[in-house]
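Here's the structure we're looking at; comments come further down.
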Amino acid sequence: MKYLKDLRIKINAEEGCHAKHVVTVPVKETFKGQTVWDGDVEVFDLIGHPKALRCYAWGHPVEDAAKEREMTVVLEIPPVSSAETAVKVALASKARLNSK
């Protein structure tokens with residue numbers, strides 16, 4: 001599947017290691033009763049990464065015609081220990097960046 005291949009390429013480029021897809025995990029994140037994120041997170045085992053054995057990655061379409069989708073990669077390093085916590089950390093990071 002092209003999507004998984006694109007995520008592997010992104011992981012390799014960002015983290016300098018190889019990735020093997022393990023599983024797809026559906027995640028729904030809510031805040032104050034509202035859904036803030038709902039989608040599938042791809043779980044990858046990392047081969048040759050100095051700090052992490054696993055990462056979580058996903059993509060979503062963007063309005064920018066030059067890009068097919070925006071991809072996010074989060075390493076399994078505490079506090080990240082699952083697909084759910086990877087999404088929470090990514091959302092919090094994005095919120096901090098947008099508030100600056």
Side-chain angles (χ1 to χ4, degrees):
M1 172 186 242
K2 183 181 181 329
Y3 174 62
L4 292 176
K5 180 180 178 184
D6 289 347
L7 287 173
R8 278 195 301 274
I9 290 168
K10 174 83 169 175
I11 294 165
N12 182 268
E14 281 189 6
E15 301 301 333
C17 65
H18 295 286
K20 179 183 176 198
H21 184 256
V22 177
V23 68
T24 301
V25 178
V27 175
K28 183 173 184 178
E29 183 63 31
T30 59
F31 181 73
K32 294 185 179 180
Q34 299 292 318
T35 299
V36 293
W37 198 89
D38 188 4
D40 290 335
V41 175
E42 307 302 335
V43 181
F44 292 87
D45 283 341
L46 299 178
I47 302 154
H49 193 280
K51 295 182 180 179
L53 298 175
R54 181 168 277 184
C55 76
Y56 305 91
W58 60 89
H60 62 273
V62 293
E63 292 181 18
D64 182 355
K67 291 173 66 176
E68 185 175 324
R69 65 180 66 236
E70 181 178 320
M71 291 182 272
T72 301
V73 175
V74 179
L75 296 174
E76 187 179 78
I77 296 174
V80 176
S81 61
S82 67
E84 292 81 3
T85 57
V87 170
K88 287 178 183 179
V89 165
L91 290 173
S93 178
K94 189 171 186 175
R96 278 192 300 272
L97 288 174
N98 289 339
S99 69
K100 289 183 179 183

* To do: Flag yes if more than 12 heavy atoms outside Phe31 fall under 6.0 Å of its CZ atom; otherwise flag no.
  =>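 Incorrect, the count does not exceed 12.
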
Verify same cluster id: [X], [Y] (apolar side-chain graph, 4.5 Å):
X	Y	value
Val22	Val25	yes
Ile47	Ile77	no
Ile9	Val41	no
Leu4	Trp58	yes

* Applying ring pair (Phe, Tyr, Trp, His ring centres under 6.0 Å), name anything that partners His21, two or more places apart in sequence or on another chain. =>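 Partners of His21 by the ring pair (Phe, Tyr, Trp, His ring centres under 6.0 Å) criterion, ordered by chain and then number, come out as Phe44.
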
* Asked: Roughly how far, to the nearest 0.5 Å, is CD of Glu84 from CH2 of Trp37?
  ->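 Here the rounded value is 10.0 Å.
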
* **Spacing of His18 atom NE2 and Asp45 atom CG [to the nearest 0.5 Å]** =>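 It comes to 14.0 Å.
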
* To do: With side-chain contact (heavy atoms from CB on, under 4.5 Å) as the test, would you mind laying out the steps for Glu29 and Thr35 before giving the verdict?
  => CA-CA 6 Å; Glu29 183 63 31; Thr35 299; over 6 Å; no

* Without hydrogens or angle criteria, can the side chains of Glu42 and Tyr56 be said to hold a donor-acceptor pair below 3.5 Å? ->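 Result is no, nothing qualifies.
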
* Asked: What residue among Val80, Ile11, Leu53, Leu46 forms side-chain contact (heavy atoms from CB on, under 4.5 Å) with Leu75?
  ->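 The option that passes is Leu46.
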
* To do: For side-chain contact (heavy atoms from CB on, under 4.5 Å), just list the numbers for Thr24 and Val43, CA-CA rounded to whole Å, side-chain angles, deciding distance to a tenth of an Å, and then say yes or no.
  => CA-CA 6 Å; Thr24 301; Val43 181; over 6 Å; no

* Write down the atom of Gly48, the atom of Cys17, and the distance for their closest heavy-atom approach. =>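 Distance-wise, the nearest heavy atoms are C-CB, 4.0 Å.
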
* Asked: Does Glu14 come within less than 4.0 Å of Lys10, counting only side-chain N to carboxylate O?
  ->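 Here Glu14 pairs with Lys10 in a salt bridge, since their nearest N and O are under 4.0 Å apart.
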
* Contacts of Lys20 that satisfy salt bridge (Lys or Arg N to Asp or Glu O under 4.0 Å) - sequence neighbours left out ->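 Scan of Lys20 (salt bridge (Lys or Arg N to Asp or Glu O under 4.0 Å), adjacent residues dropped) gives none.
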
* Give the C-alpha distance, both sets of side-chain angles, the deciding distance and a yes or no for side-chain contact (heavy atoms from CB on, under 4.5 Å) between His60 and Arg69. => CA-CA 5 Å; His60 62 273; Arg69 65 180 66 236; 5.8 Å; no

* **Residue pair Cys55 / Val74, side-chain heavy-atom distance below 4.5 Å** =>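 Contact flag for Cys55/Val74 side chains = no.
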
* Heavy atoms, side chains only, cut-off 4.5 Å: are Thr30 and Gln34 in contact? ->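 They are not in side-chain contact.
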
* Asked: Between the side chain of Thr85 and the main-chain N/O of Ser81, is any donor-acceptor distance below 3.5 Å?
  ->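 Such a contact is found between Thr85 side chain and Ser81 backbone.
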
